[in-house]
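Shown next, in structure tokens, is the structure this report addresses.
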Amino acid sequence: MALDKVLVLLATYNGAEYIDEQLFSILNQKDVKTDVIVFDDKSTDDTLKHIEEIKNIYPNRITVICNTDKIHGPLHSFISLINFAQHEKKNDYYRFISFADQDDIWLPRKLINAINSMQKFNAEMSISSGISTNLYNYAEITTYDRRVYTFGEALLKNNAIGMTMVLRTNFLDTIHIPIETGMNVWLHDHLLYLIALYRGKRVVFVDEPGVIYRQHEHNAIGDKKQGIIHRIQKKVDYVLKSQRDRNFTAELLKDNFSGTPENIELVNKYLNYRNQSLFGRLRLVGEGRIFSQKNDVELITKVLAVFKIL
């Protein structure tokens, strides 16, 4: 039986220390065939040299795109990768697409476990947890809920970690994301997660971790340990600073995608909550369809929303 082909989109920037191990773990996945597109965001170390050496071992399986503009960061890199895959690659050749960070390590059955779960439940997308390591100790990531969010929950918080996501190619091909969007939304994974949920597509959570998530001082985004006061302040800052991004994303969904009637209603309520009376805002927070989580980030969001500080 022919193996499913998966196109992996990998963003790099000064990752020479880790890229070899990551690329080998992607190219040697069990029971699938993988090809990789790399978008390098103007690395100044030997990242590209390492990639070229691995290309010689795996001919025709790695495509490299080099950013010739200023450094933009991971959001721009991944949206560039998505657009390139949609327009330059024959996506009907690949049944599935996945995302990768440069400094992780994929466990051998990451992709096939996701594909099997998606096929079993006829899902368009899968997410999972990972194993976090600080290069000395391993521990399963616990900062993300081990389930698929409702759309209302996902409007405020993302638990779809990009490195764990697998999508059906025919789902991704229905989505157009302008390159400038990379400067205005949280992350590519959150945006795609929201689009799937908004449209009522099925997303599954894969129980078995598939990625070793390497924590180090150079992570662009990470789950770093901090004191409790500092963490609370960071969470308040996070809620305030990310409000613009949430509004932009909600408007993007409303203007560009067809949602279920319930989710269209939720987006309209979210975008118009400031126009409600205090009683109306309390009722919106209390009904639990948007402000539904019980953790500290959502509690901060509820308080700021009620007092229109957001």
Side-chain angles (χ1 to χ4, degrees), residues 7 9 11 74-89 91-92 94-99 114 118 121-127 145 147-162 164-205 242-275 284 287-293 301 305 310:
L7 184 60
L9 308 182
L75 285 77
H76 181 274
S77 296
F78 279 111
I79 291 178
S80 297
L81 281 163
I82 290 169
N83 286 333
F84 183 87
Q86 288 174 328
H87 297 108
E88 303 297 332
K89 285 285 184 180
N91 282 350
D92 54 357
Y94 303 95
R95 294 186 62 196
F96 300 94
I97 286 185
S98 190
F99 303 102
M118 292 167 69
F121 295 102
N122 193 28
E124 300 294 320
M125 177 187 296
S126 69
I127 61 174
D145 294 329
R147 62 184 176 86
V148 177
Y149 279 0
T150 66
F151 172 70
E153 291 173 314
L155 270 174
L156 295 185
K157 183 185 177 187
N158 181 34
N159 74 326
I161 313 170
T164 76
M165 294 175 71
V166 180
L167 300 83
R168 290 188 187 272
T169 302
N170 56 12
F171 166 71
L172 189 64
D173 281 346
T174 66
I175 297 170
H176 172 65
I177 305 175
I179 193 66
E180 61 270 16
T181 302
M183 308 303 171
N184 294 291
V185 300
W186 286 348
L187 294 170
H188 66 288
D189 48 20
H190 191 201
L191 179 58
L192 292 170
Y193 189 42
L194 280 169
I195 292 171
L197 295 174
Y198 183 65
R199 295 167 65 179
K201 301 297 184 181
R202 179 167 289 182
V203 180
V204 294
F205 183 86
S242 61
Q243 179 62 18
R244 177 187 62 84
D245 300 331
R246 288 198 293 265
N247 285 345
F248 180 90
T249 304
E251 292 281 6
L252 185 73
L253 292 170
K254 179 180 178 181
D255 294 341
N256 294 278
F257 299 97
S258 298
T260 67
E262 179 183 14
N263 291 337
I264 292 172
E265 177 196 2
L266 285 180
V267 165
N268 287 329
K269 281 189 172 184
Y270 176 71
L271 289 172
N272 294 309
Y273 86 89
R274 290 186 191 81
N275 298 325
L284 179 61
E287 73 178 14
R289 291 194 296 158
I290 300 176
F291 303 94
S292 54
Q293 298 269 332
T301 304
L310 287 178

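These numbers were taken from a predicted model, which means no experiment stands behind them. Just so it is clear, the values below take in all heavy atoms, side chains as well, and ignore hydrogens, waters and symmetry mates.
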Got a second to check how far [X]'s [atom1] is from [Y]'s [atom2], nearest 0.5 Å?
X: Tyr149; Y: Leu194; atom1: OH; atom2: CG; result: 11.5 Å
X: Leu266; Y: Leu253; atom1: CG; atom2: CG; result: 11.5 Å
X: Leu192; Y: Ile175; atom1: CG; atom2: CD1; result: 5.5 Å
X: Leu172; Y: Leu9; atom1: CG; atom2: CG; result: 7.5 Å
X: Met165; Y: His190; atom1: CE; atom2: NE2; result: 10.0 Å
X: Leu252; Y: Ile195; atom1: CG; atom2: CD1; result: 6.5 Å

[X] side chain to [Y] main-chain N or O, any donor-acceptor pair under 3.5 Å?
X: Asn159; Y: Arg147; answer: yes
X: Arg168; Y: Ala123; answer: yes
X: Ser126; Y: Met118; answer: no
X: Tyr270; Y: Arg246; answer: no
X: Thr260; Y: Arg199; answer: no
X: Asn158; Y: Asp189; answer: no

Quick test of your reading of the model: are Lys157 and Glu153 salt-bridged, counting only N-O distances below 4.0 Å?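 Salt bridge absent between Lys157 and Glu153.
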Over all atoms of both residues, closest heavy-atom pair of Gly259 and Ile264: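 Of all heavy-atom pairs spanning Gly259 and Ile264, the closest is O-CD1, 3.4 Å.
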Pairwise side-chain contact, Val267 with Phe151, heavy-atom cut-off 4.5 Å (strictly under):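 Counting from C-beta outward, Val267 and Phe151 do come under 4.5 Å.
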Taking the side chain as C-beta and beyond, is there a heavy-atom pair between Leu7 and Thr169 under 4.5 Å?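 The answer is no; the side chains never approach within 4.5 Å.
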Among all residues two or more places apart in sequence or in another chain, which pass the ring-ring contact (aromatic ring centres under 6.0 Å, His included) test with Phe99?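 If we apply the ring-ring contact (aromatic ring centres under 6.0 Å, His included) test to Phe99, skipping adjacent residues, the hits are Phe78, His188.
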Set of residues satisfying side-chain hydrogen bond (donor to acceptor under 3.5 Å, both in side chains) with respect to Lys254, sequence neighbours excluded: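 Applying side-chain hydrogen bond (donor to acceptor under 3.5 Å, both in side chains) to Lys254 gives Asn268.
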Ala196: which residues meet the side chain to side chain contact (heavy atoms under 4.5 Å, CB included) condition with it, sequence neighbours left out?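 For Ala196, the residues satisfying side chain to side chain contact (heavy atoms under 4.5 Å, CB included) (neighbours in sequence not counted) are Met125, Phe171, Lys201, Val203.
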